[in-house]
Amino acid sequence: MTTTAPIVRSSLALGAALVMPGCFHDRPPQLGCATEAACATSTTTTSTTTGEPTTSTSTTGASPEPRTFRIDSLRLIDPHLFSDICFDVTGLVNMFGLTQQIDDGELNLVLHFADFDPAALAAVLGETESCDLTAQTCVPTDGVSLQLPVEVVTEAPCLGVDPTVFASKNAASLNAPEPTCFRTSAVELALPLGAADAPINMLQTQVTFNFDDAADPQAILHGVVSGFLTRASAETVDIEVSGANYNLWAMVQGPEGCADSHPELLPSVDELAGPDGPVEGVWLAFNATASRVALVPP
């Protein structure tokens, strides 16, 4: 990931204005959240005195120099996904699902810092209506956004999840943020997965990352998005690969006998402690990077 050129700052921001009564999953790929308290919409207005776009939010004292970063790479590292003939299709899902949608400007996830202070960050994860990738500008949307408190991590490890939940071969391929790094709080999140027919619901989702320059960042480096996908959620999602549809949970498990061929990658099934006992599912980990963009009015 190379540092992008400085971008003209805009005061147009994604902010939390209204608590929504649920999640929006009706227009995939679409960001959402699994708890009402975390869902919000953003609204923007224009100043009658300066003509500069501003944001109406539930907080005050917003910085005049917000920072927004569009996720420009998102790659599933763990688990690997397998077709019904035990073919590893993880690369296809990454290339023709996530990468293609991001590069084509069809999937525009952004981390927005309305009041940028490296010592006290608070991020909003949202989608934008559209992005001009050449001009590095994005048009905000009134869709769902998610509040993500951010902590500064000064001592290793940066990742908030135990790497032993991942296959050792895959863990070695994860980005490795180093202190001083930044880590969001753990939240429930519905994340678009590119080739999936609907967002996937993840528990205890965290984003861990470094800035290229903590004082004046133009890019997010060494990002890792991790979270727990329940079996119940995965069984409701299908993914298209090379024209064929596969159930996501079946791809996580792999067909019978596949573990014999891929002992370093399977089995992938994990358990998460829940209030009513263990919850079956799988820990997911994505490598991610992001570059700075300016938010502009439509």
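Please read all numbers here as calculations on a predicted model, not as lab measurements. What you see below is based on every heavy atom in this structure, not just the backbone, and it leaves out hydrogens, waters and symmetry mates.
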Interatomic distance, [X] atom [atom1] to [Y] atom [atom2] [nearest 0.5 angstrom]:
{"X": "L174", "Y": "F286", "atom1": "CG", "atom2": "CZ", "value": "11.0 Å"}
{"X": "L76", "Y": "D78", "atom1": "CG", "atom2": "CG", "value": "7.5 Å"}
{"X": "I102", "Y": "Q100", "atom1": "CD1", "atom2": "CD", "value": "11.0 Å"}
{"X": "S226", "Y": "F166", "atom1": "OG", "atom2": "CZ", "value": "5.5 Å"}
{"X": "L295", "Y": "T137", "atom1": "CG", "atom2": "OG1", "value": "9.0 Å"}
{"X": "S73", "Y": "I220", "atom1": "OG", "atom2": "CD1", "value": "10.5 Å"}

Side chains of [X] and [Y] in contact at under 4.5 Å (non-hydrogen atoms):
{"X": "L189", "Y": "L125", "value": "yes"}
{"X": "C131", "Y": "R70", "value": "yes"}
{"X": "L109", "Y": "T128", "value": "no"}
{"X": "P255", "Y": "D84", "value": "no"}
{"X": "V124", "Y": "L111", "value": "no"}

Quick one: ring pair (Phe, Tyr, Trp, His ring centres under 6.0 Å) pairs with a partner in [range], sequence neighbours left out?
{"range": "residues 124-164", "value": "none"}
{"range": "residues 212-232", "value": "F228-W283"}
{"range": "residues 254-277", "value": "F82-H262"}
{"range": "residues 177-199", "value": "F182-F209, F182-F211"}

Worksheet item: What's the verdict on side chain to side chain contact (heavy atoms under 4.5 Å, CB included) for D213 and Q218, showing C-alpha distance, side-chain angles and the deciding distance?
Response: CA-CA 7 Å; D213 181 340; Q218 302 299 320; over 6 Å; no

Worksheet, complete the sentence: salt bridge (charged side-chain N to carboxylate O under 4.0 Å, His left out) filter on R231, not counting sequence neighbours, yields E235, E280

State plainly whether one hydrophobic cluster holds both [X] and [Y], where clusters connect Ile, Leu, Val, Met, Phe, Trp and Tyr through side-chain heavy atoms under 4.5 angstrom apart.
{"X": "V279", "Y": "V161", "value": "yes"}
{"X": "L272", "Y": "V165", "value": "yes"}
{"X": "V269", "Y": "V237", "value": "yes"}
{"X": "L81", "Y": "L265", "value": "no"}
{"X": "L266", "Y": "V241", "value": "no"}

Item to complete: Start with the C-alpha distance between M202 and L284, add both sets of side-chain angles, then the distance that settles side chain to side chain contact (heavy atoms under 4.5 Å, CB included), and finish with yes or no.
Response: CA-CA 8 Å; M202 295 166 57; L284 303 180; 4.0 Å; yes

The criterion is side chain to side chain donor-acceptor pair (under 3.5 Å); which residues satisfy it with [X], sequence neighbours excluded?
{"X": "S233", "answer": "none"}
{"X": "E271", "answer": "none"}
{"X": "T164", "answer": "D162"}
{"X": "T90", "answer": "D88"}

Worksheet item: For T289, which of N175, D72, D212 qualifies under side chain to side chain donor-acceptor pair (under 3.5 Å)?
Response: D72

Kindly say whether [Y] contributes a backbone atom to a donor-acceptor pair with the side chain of [X] at under 3.5 angstrom?
{"X": "T184", "Y": "V207", "result": "yes"}
{"X": "N108", "Y": "G105", "result": "yes"}
{"X": "R183", "Y": "C158", "result": "yes"}
{"X": "D238", "Y": "A196", "result": "no"}
{"X": "T99", "Y": "F96", "result": "no"}
{"X": "N287", "Y": "S173", "result": "yes"}

Item to complete: Quick one: do I200 and L248 satisfy side chain to side chain contact (heavy atoms under 4.5 Å, CB included)? Show the steps, please.
Response: CA-CA 9 Å; I200 58 171; L248 179 54; 3.7 Å; yes

Worksheet item: Do any pairs count as a disulfide bond (SG atoms under 2.5 Å apart) and have a residue in residues 241-298, sequence neighbours left out, and if so which ones?
Response: C86-C258

Worksheet entry | Other cluster members, L133 - Ile/Leu/Val/Met/Phe/Trp/Tyr, side-chain contacts below 4.5 Å | none

Discussion item. Does R67 qualify as a cation-pi partner of F116, given the criterion of NZ or CZ under 6.0 Å from the six-membered ring centre and within 45 degrees of its axis?
Written reply: yes

Item to complete: Could you name each residue pair satisfying salt bridge (Lys or Arg N to Asp or Glu O under 4.0 Å) that touches residues 243-267, not counting sequence neighbours?
Response: K169-E264

Return the minimal non-hydrogen interatomic distance between [X] and [Y], and the atom names on each side.
{"X": "A288", "Y": "V225", "result": "CB-CG2, 4.2 Å"}
{"X": "L146", "Y": "E188", "result": "CD2-O, 4.2 Å"}
{"X": "H112", "Y": "T68", "result": "ND1-OG1, 2.5 Å"}
{"X": "S242", "Y": "L92", "result": "OG-CD1, 3.9 Å"}
{"X": "V152", "Y": "P118", "result": "CG2-O, 3.4 Å"}
{"X": "I239", "Y": "M251", "result": "CB-SD, 4.1 Å"}

Worksheet item: Between V187 and Q204, does a side chain to side chain contact (heavy atoms under 4.5 Å, CB included) hold up when you go through it step by step?
Response: CA-CA 5 Å; V187 297; Q204 298 191 14; over 6 Å; no

